[in-house]
Amino acid sequence: MGDRRSARTKAAVKQAFLTLLDKKSISKITIYEITELADIGRGTFYLHYRDIYHLYSEIEAEMFDQLNEFYDASFPIRDRQDILQFFNKITEYIYHNKTLFNMMINPEDTLLTPDKFKRFFKGKILQEMLNEEKYPDVPTVFEETESLFIAAGVSGVLENWIMRGMEEEPAGMSLRIQQLLLKLEE
C-alpha cells in the first residue's frame, strides 16, 4: 500500500513540476508552488526529493531510460521501416513531453541541453556500430566521427522541430528524418 501511495505522490509532484515548468524556468519554481499544486505538504516533498534539481534529475533519468528502451527495442535495424518506427516512437515521446523538451531550447535552463541529447544518441549509435564489428573494443576515428555526425544531425533536426513549436506532426517529422538518413546511404 505504501509503495502505491508513494508512487502516486511522486507522480503528482512530477506533474506539478512539469505544469509549472511549462510557465517558467526551473530556477523560478519554488517547492511551495510544487507542493500547493500537488496538494501535499513540504515534508512529503522532502521525503522523496532533496530539492527541485533532484526532482528534475529523476525526471531526466526517466526520460533517458525511455529513450534508451526505444533505441534498444529498435536496433539492430532489419529494414527501412524499422528506422521509421524508431523515429515515430521518439517524435511521439517528445511531442507528448513538450514541456520537458522545451527546456532544450530555453536559454535560461541549462539542465537539458541539446549537447546532452546529442551525446546520448552518439553513444547509442557508436555502441551499435561496435556491436557490428569483429573487434568491438575500440572505435576507429571514422566510427567516432560518423556516430557524431549522425547524432548531431538528428539532434539538430529534432531541436529545430521543438524550437518551431512542433508544428509538424510527429509522424511527418519521423518520415523526414528517415528520408535524410536514407540519403546518407546513397
Side-chain angles (χ1 to χ4, degrees), residues 1-74 86-127 148 151-152 154-171 173-174 177:
M1 180 73 161
D3 288 341
R4 274 192 277 164
R5 186 178 315 145
S6 178
R8 277 196 309 267
T9 299
K10 288 179 94 168
V13 168
K14 288 174 186 175
Q15 186 55 53
F17 171 74
L18 290 171
T19 299
L20 292 165
L21 189 61
D22 200 30
K23 297 174 183 138
K24 55 173 120 181
S25 69
I26 192 170
S27 62
K28 304 262 192 292
I29 297 173
T30 66
I31 291 172
Y32 175 77
E33 291 172 311
I34 293 171
T35 58
E36 283 293 304
L37 201 53
D39 196 27
I40 62 167
R42 288 177 68 86
T44 303
F45 177 90
Y46 287 114
L47 269 174
H48 300 285
Y49 305 103
R50 287 184 305 276
D51 56 25
I52 290 172
Y53 293 97
H54 180 222
L55 165 62
Y56 167 76
S57 68
E58 187 173 295
I59 292 170
E60 182 184 90
E62 289 170 359
M63 176 204 65
F64 280 118
D65 286 346
Q66 185 64 62
L67 294 175
N68 200 37
E69 280 182 37
F70 291 153
Y71 196 95
D72 290 347
S74 301
F86 167 69
F87 281 111
N88 278 335
K89 288 178 190 175
I90 295 291
T91 56
E92 281 291 329
Y93 183 76
I94 291 171
Y95 187 80
H96 290 293
N97 293 279
K98 288 178 186 179
T99 300
L100 183 60
F101 285 93
N102 278 333
M103 287 181 75
M104 277 189 1
I105 59 167
N106 184 347
E108 290 181 38
D109 285 319
T110 58
L111 294 173
L112 181 61
T113 63
D115 193 51
K116 201 181 265 190
F117 199 64
K118 182 174 43 181
R119 276 194 317 265
F120 169 79
F121 280 109
K122 177 186 179 259
K124 295 303 289 182
I125 293 166
L126 191 56
Q127 176 186 8
L148 178 59
V154 170
S155 296
V157 169
L158 289 171
E159 180 184 354
N160 184 265
W161 178 57
I162 294 165
M163 203 175 308
R164 290 183 288 112
M166 299 182 214
E167 296 167 342
E168 187 174 359
E169 289 295 316
M173 179 51 58
S174 299
I177 292 170

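Note that CG of L100 and NZ of K98 are 13.5 Å apart. Values are rounded to the nearest 0.5 Å. Rounding to the nearest 0.5 Å gives a distance of 13.5 Å between OG of S155 and NZ of K116. Note that CG of N97 and CG of N102 are 11.0 Å apart. Values are rounded to the nearest 0.5 Å. How far CG of L55 is from CD1 of I34: 5.5 Å, rounded to the nearest 0.5 Å.
In this structure, the side chains of L20 and K28 stay at 4.5 Å or more apart for every pair of heavy atoms. Taking 4.5 Å as the limit, some side-chain heavy atom of F117 sits within range of a side-chain heavy atom of I94. Put simply, the side chain of E33 reaches to within 4.5 Å of the side chain of K24, judged on heavy atoms. In this structure, the side chains of L158 and F101 stay at 4.5 Å or more apart for every pair of heavy atoms. Contact annotation: the side chain of Y93 never approaches that of P170 to less than 4.5 Å [non-hydrogen atoms, C-beta and beyond]. Side-chain contact between V154 and F121 is absent, with no heavy atoms from C-beta onward closer than 4.5 Å.
For K10 and E62, the salt-bridge test fails: no basic side-chain N is under 4.0 Å from an acidic carboxylate O. One finds a salt bridge joining K124 and D72 here, because a Lys/Arg side-chain nitrogen approaches an Asp/Glu carboxylate oxygen to under 4.0 Å. The pair E58-K14 counts as a salt bridge, with a side-chain nitrogen and a carboxylate oxygen less than 4.0 angstrom apart.
Closest approach of K122 and A151 over heavy atoms only: N-CB, 3.4 Å. Shown here for N88 and A171, the closest heavy-atom pair between the two residues is OD1-CA, 3.7 Å. When all heavy atoms are compared, the tightest approach of F87 to S174 is O-OG, 2.9 Å. Between I52 and I29 the shortest heavy-atom distance is CD1-O, 2.9 Å. Among all heavy-atom pairs drawn from T91 and M173, the shortest one is CG2-CG, 3.9 Å. Of all non-hydrogen atoms in A73 and K89, the two that sit nearest each other are CB-NZ, 4.2 Å.
For residues 21-52, every residue pair satisfying the ring pair (Phe, Tyr, Trp, His ring centres under 6.0 Å) rule, not counting sequence neighbours, is listed here: F45-Y49, Y49-H54.
Within 6.0 Å of the CG atom in D39, the count of heavy atoms belonging to other residues, nucleotides or ligands does not exceed 12. Dense packing is recorded around CZ of R164, with more than 12 heavy atoms of other residues, nucleotides or ligands lying under 6.0 Å away.
With sequence neighbours left out, the ring pair (Phe, Tyr, Trp, His ring centres under 6.0 Å) criterion links F86 to Y71, F75.
Ring-plane geometry between F120 and F64 is classed as tilted, the angle between the planes lying from 30 to 60 degrees on a 0 to 90 degree scale.
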